[in-house]
Amino acid sequence: MSKVFYETAAIDYANAAPHIGHVYEKIICDFLARFHRLDGYETNFVTGTDEHGEKIARAAKNAGQEPQAFVDYVSEQLFQPAYQRLLISYDDYIRTSSERHKRYVQEILRKVYEAGDIYYAEYEGLYSVGSERFVTEKELVNGVLPGDSEPPILRKEANYFFRMEKYRPWLIEYLSEHPDLIQPQAYRNEVLEMLKEPIGDLSISRPKDRVPWGIPIPWDENHVTYVWFDALLAYASSLESRGLFEKFWPHAWHVIGKDILKPHAIFWPTMLKSAGLPIYKRLVVHGHILAMDGRKMGKSLGNAVDPLALLDKYGVDALHYALLRDTTLGSDSPFGEEVVAQRLNSDLANDLGNLLSRVRTMLLKYCGGVIPAPSSPDSEVARAGVALAGKVRKEVDALRIHLALEEVLQYVRGLNKFINDVKPWELARDPGRQKELESALYTVVEGLRIASVLLEPALPTKAKELRAALGLGDYTLEQTETWGLSPAGTRIPEEAPILFPKLEARTENAQAKTEPQSSNALIGIDDFAKVDFRVAEVLKAEKHPKADKLLILTLNVGDHTRQVVSGIAQYYTPESLVGKKLVLVANLKPAVLRGVESQGMILAGEDAQGRIVVITPEQDLPPGAKVR
RNA sequence: GGCUAUGUAGCUCAGCUGGUUAGAGCACACGACUCAUAAUCGUGGUGUCGGCGGUUCAAGUCCGCCCAUAGCCA
């Protein structure tokens, strides 16, 4: 079987800037493309912009621009730079206003016309300008199509129609012969359900005098092509215009959002059939990204996350990884900055990045900075390592990308455990056990090599960096199925930057976003009254046995004493505090700091040099006095 | 109204064709360790597996009804 993979991401409608939903889909596609490349598939990955239609003509007019200038801007200044910064590894970017695309659309239109599948008819009905289609009265809610801002208008016009209904029985049969065509299965069921009722014929043109912005119908200059017949063909025109159609088309995977299922699952196969072209191989349907609270994301709701802001703050690898790891393909998934921060800190920094640091330090310390001789392929870690690619492949084939990544991370955690178990630092104390030590370190290096390759589709820059920090280059997926390919004697770099520095999410910002109407962090008197401030006298102060920065204070709060742990050891000696009166937050939830319970908090301020200064009463107050 | 999904630990999710005391990661608590990015490793859950009923020796897993959520169709 030839290993060829063609993949398309939906082409984006060029009427506004890209949002997290666009980015999500491209990152899924990028993962699949990179995965297949690593697995030895000759791969072609295409996306682009859909640039025709009435809505774009109107958006251009609103912007005071000609349509072409407007879509040039949206495509070249908004979408493409964003995807390049996100390292979306597409091989071609197809724009529907390009000559190569227009020529192909006209060629296909002619074919379908000659096959007798296009006819001319007059149509009258309610037309929604917002959705660019005729609507039925039943669809309307209070006279307006849901999602539209204006009610539909009565419109009568003559259009060309594609005999889609004619192909309905064929499509039903095709779907039953190809049960894996549409995935996940739920969407296949949905399509089959749609096909139980007549699907009607598809209007494929608009009169040019009303909508001049489109591809002319080749045999009738007074009409332009309607948006779907134009847009869907971009998946094919990209290949055809590069002379790659024959080779790649039969292997086509389309990745789309669930909102455009019908055009891809019904319009598109019938169009291809009529034009005498093979049907694509797979339609992968993903869900939508939701806000963290599970609600829909939207500009008007004020809860939209900006993918480029996340990119700037957390880096391209963490964004890819989090989006792939924390969503389930096919279902809607909540997502936000907290998710990225969480995944960056726990999976990437703690588990993976820290593992790299550990092994690097030990190689430098115990092995002269050189990768030692290979360890036995019979160890448990080795067996699990060479078997990992198989497990990952299986999950990716089933489009369970989040489980594929978890599979690799489990292995990474296993490597951390392995180090804890063999305790190389103990082996290092006994010169007679140098061999054992080296074998253990080799095992970890080799495990990291394998894991880094399998994570590379989700970590476009850091997987390579990780290997570089061990003096290693690139490997294919297949090369992770053999133990011992890290060359012994490789000198690792003396210095390597922290692979994944940790970051905190600004949760207070995220909250402000979800509640745009809140009065910008101002609190009411009620909130203030919840805090119980008390004057407290220091009876005893001592250093925390397990922390340099902490002091343990015993406080007299009038009717009782309390123990509070405070991070002021760098600025106050224990003796200097005894007898001082401080301000205590008396109703703070107790916390345990490095093993010692803290029953409250001492108020303190910070000067320009960052010195901490405790707050004391200006005149004497009795212990336990309430502070307001 | 019809249809299709989903509903499993605080959160995100695994649980194949029904079969031992229902699992993982995160978060949390405690302990161990020091090679490491205050990292890692170990231990710790009384979860009505949405509800009710049914089939079965046995149901999270099959069937029926109901509830909730999402979506499609009308």
Side-chain angles (χ1 to χ4, degrees), chain A residues 135-140 146 182 184-199 257-262 265-266 285 287-288 290 292-296 322 325-336 338-339 341-367 394-395 398 400-410 412-429 437 440-441 444 469 496-503 546-550 590-595 597:
Chain A
V135 298
T136 60
E137 296 208 29
K138 286 178 186 172
E139 285 181 85
L140 304 181
I182 301 173
Q185 287 294 309
Y187 296 104
R188 175 174 187 264
N189 295 343
E190 210 155 90
V191 170
L192 284 170
E193 192 55 35
M194 289 180 208
L195 289 172
K196 281 183 182 161
E197 305 275 326
I199 51 179
K258 63 181 188 178
D259 51 311
I260 48 175
L261 176 63
K262 190 174 180 178
I266 296 179
V285 186
H288 294 153
L290 304 174
M292 285 306 286
D293 56 7
R295 291 187 306 173
K296 282 186 187 174
R325 174 63 187 84
D326 256 83
T327 59
T328 308
L329 208 131
S331 317
D332 293 351
S333 307
F335 185 80
E338 295 92 318
V339 173
Q342 180 62 54
R343 287 296 170 190
L344 171 67
N345 288 344
S346 61
D347 290 11
L348 300 180
N350 291 352
D351 291 347
L352 186 64
N354 182 49
L355 175 61
L356 174 68
S357 296
R358 314 174 74 175
V359 71
R360 268 184 49 81
T361 306
M362 289 191 280
L363 284 171
L364 290 168
K365 228 166 149 175
Y366 307 143
C367 302
K394 198 176 131 201
E395 296 296 1
R400 302 194 291 199
I401 297 172
H402 62 304
L403 298 183
L405 294 176
E406 177 58 20
E407 202 67 66
V408 184
L409 242 89
Q410 240 169 55
V412 168
R413 283 180 216 114
L415 292 175
N416 273 314
K417 178 174 160 51
F418 174 76
I419 294 179
N420 287 33
D421 289 347
V422 299
K423 301 184 177 58
W425 50 94
E426 280 185 10
L427 299 178
R429 288 186 209 123
L437 170 62
L441 290 183
V444 181
I498 296 282
L499 194 62
F500 291 105
K502 291 201 203 177
L503 273 174
K546 295 174 77 175
D548 298 340
K549 293 179 185 170
L550 301 181
V592 177
L593 300 178
R594 304 232 101 190
E597 186 175 27

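Below, chain A is the first sequence line, B the second, and so on; all start at residue 1.
Between B:rG25, B:rU4, B:rC35, one nucleotide has an atom nearer to the side chain of A:R343 than all others, and that is B:rG25. Among B:rC33, B:rU37, B:rC3, the nucleotide with an atom closest to any side-chain atom of A:E193 is B:rC3. The A:R358 side chain lies nearest to B:rA36 when the options are B:rU34, B:rA36, B:rU4. Among B:rA36, B:rU37, B:rU40, the nucleotide with an atom closest to any side-chain atom of A:N354 is B:rA36. Here B:rG25 is the nucleotide among B:rG25, B:rU37, B:rC33 with the atom lying nearest to any side-chain atom of A:E406. Between B:rU40, B:rA36, B:rA70, one nucleotide has an atom nearer to the side chain of A:D332 than all others, and that is B:rA70. Closest to the side chain of A:E190, from the set B:rU12, B:rU40, B:rG71, is B:rG71. You'll find that the side chain of A:A349 is closest to B:rU37, out of B:rC35, B:rU37, B:rA27. Residue A:S346 has its side chain nearest to B:rC26 when only B:rC35, B:rC26, B:rA14 are considered.
In terms of polar N and O atoms assigned as donor or acceptor, the side chain of A:D326 never comes within less than 3.5 Å of the base of B:rU12 in a complementary pairing. Judged by distance alone, with hydrogens and angles left aside, A:N350 brings no side-chain donor or acceptor close enough to the base of B:rA39 to form a pair under 3.5 Å.
Applying the 4.0 Å criterion to OP1 and OP2 of B:rG71, one finds that A:H288 has every side-chain N and O outside that range. Proximity of A:R400 to the phosphate of B:rG15: a side-chain N or O atom is located under 4.0 Å from OP1 or OP2. Checking the phosphate oxygens (OP1, OP2) of B:rA39, a side-chain nitrogen or oxygen of A:K502 falls inside 4.0 Å. Distances shorter than 4.0 Å separate none of the side-chain N or O atoms of A:N420 from OP1 or OP2 on B:rA32.
Nucleotides B:rG10 and B:rC16 are separated by 22 Å at their P atoms, to the nearest Å. Comparing the P positions of B:rU48 and B:rA9 gives an interatomic distance of 8 Å, to the nearest angstrom. B:rG15 and B:rU34 are spaced 40 Å apart, taking the P atom of each and rounding to whole Å. Remark: the separation of the P atoms in B:rU21 and B:rC30 is 33 Å, to the nearest Å.
A salt bridge is defined here as a Lys NZ or Arg NE, NH1 or NH2 lying under 4.0 Å from an Asp or Glu carboxylate O, and A:R400 with A:E406 fails to meet this definition.
Mapping A:M194 and A:S333 onto RNA chain B by nearest heavy atom places A:S333 closer to the 5' end of the strand. Mapping A:Q185 and A:Q342 onto RNA chain B by nearest heavy atom places A:Q185 at the nucleotide closer to the 5' end.
In this structure, the CG atom of A:L403 is 7 Å from the P atom of B:rG15, given to the nearest Å.
A:K423 comes within 4.0 angstrom of no nucleic acid atom, judged by non-hydrogen atoms across all strands.
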